[in-house]
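Quantities reported herein were computed from a predicted structural model and do not represent experimental measurements. Heavy-atom basis, side chains included; hydrogens, waters and symmetry copies ignored.
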Amino acid sequence: MAKSNPFQFLQDVRTEAGKVTWPSRRETLITTGLVLAMVVVSSLFFLFADTVIRFGLGLILGAR
């Protein structure tokens, strides 16, 4: 295993970080909005599914 130079490593990290394409503010806001919308949709779906399953089990077990 070759020995590594910490200074060379840091220089390589800076070089690679410079190659990163960062999203614009608009892209970040759109993506954040889509994630929040999907969280709301998923929450409503699981709320509905839980209610249906609870109702069905209540009918089957007679614990309604």
Side-chain angles (χ1 to χ4, degrees):
M1 186 168 158
K3 291 201 174 205
S4 60
N5 181 353
F7 297 109
Q8 180 63 41
F9 173 75
L10 290 175
Q11 185 177 7
D12 291 343
V13 168
R14 285 184 56 136
T15 302
E16 290 299 319
K19 295 177 184 178
V20 173
T21 303
W22 298 100
S24 67
R25 180 174 176 85
R26 183 173 185 269
E27 290 171 333
T28 303
L29 290 175
I30 289 172
T31 305
T32 301
L34 289 173
V35 168
L36 292 175
M38 287 306 299
V39 166
V40 169
V41 169
S42 299
S43 298
L44 291 174
F45 169 76
F46 286 114
L47 174 67
F48 176 73
D50 182 53
T51 303
V52 169
I53 292 170
R54 185 171 13 126
F55 179 75
L57 284 175
L59 288 177
I60 292 171
L61 298 176
R64 185 143 166 62

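- Rounding to the nearest 0.5 Å places CG of Asp12 at 13.5 Å from CZ of Phe7.
- Annotation: salt bridge (Lys or Arg N to Asp or Glu O under 4.0 Å) contacts of Glu16 (sequence neighbours excluded): Lys19.
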(request) Give the C-alpha distance, both sets of side-chain angles, the deciding distance and a yes or no for side-chain contact (heavy atoms from CB on, under 4.5 Å) between Leu36 and Thr32. (result) CA-CA 6 Å; Leu36 292 175; Thr32 301; 4.3 Å; yes
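- Atom CD1 of Ile53 sits about 10.0 Å away from atom CZ of Phe48, to the nearest 0.5 Å.
- For the pair Glu27 and Pro23, the tightest heavy-atom approach, listed with the atom from each and the gap, is OE1-CA, 3.2 Å.
- Distance check: Arg26 CZ to Thr31 OG1 gives 10.5 Å after rounding to the nearest 0.5 Å.
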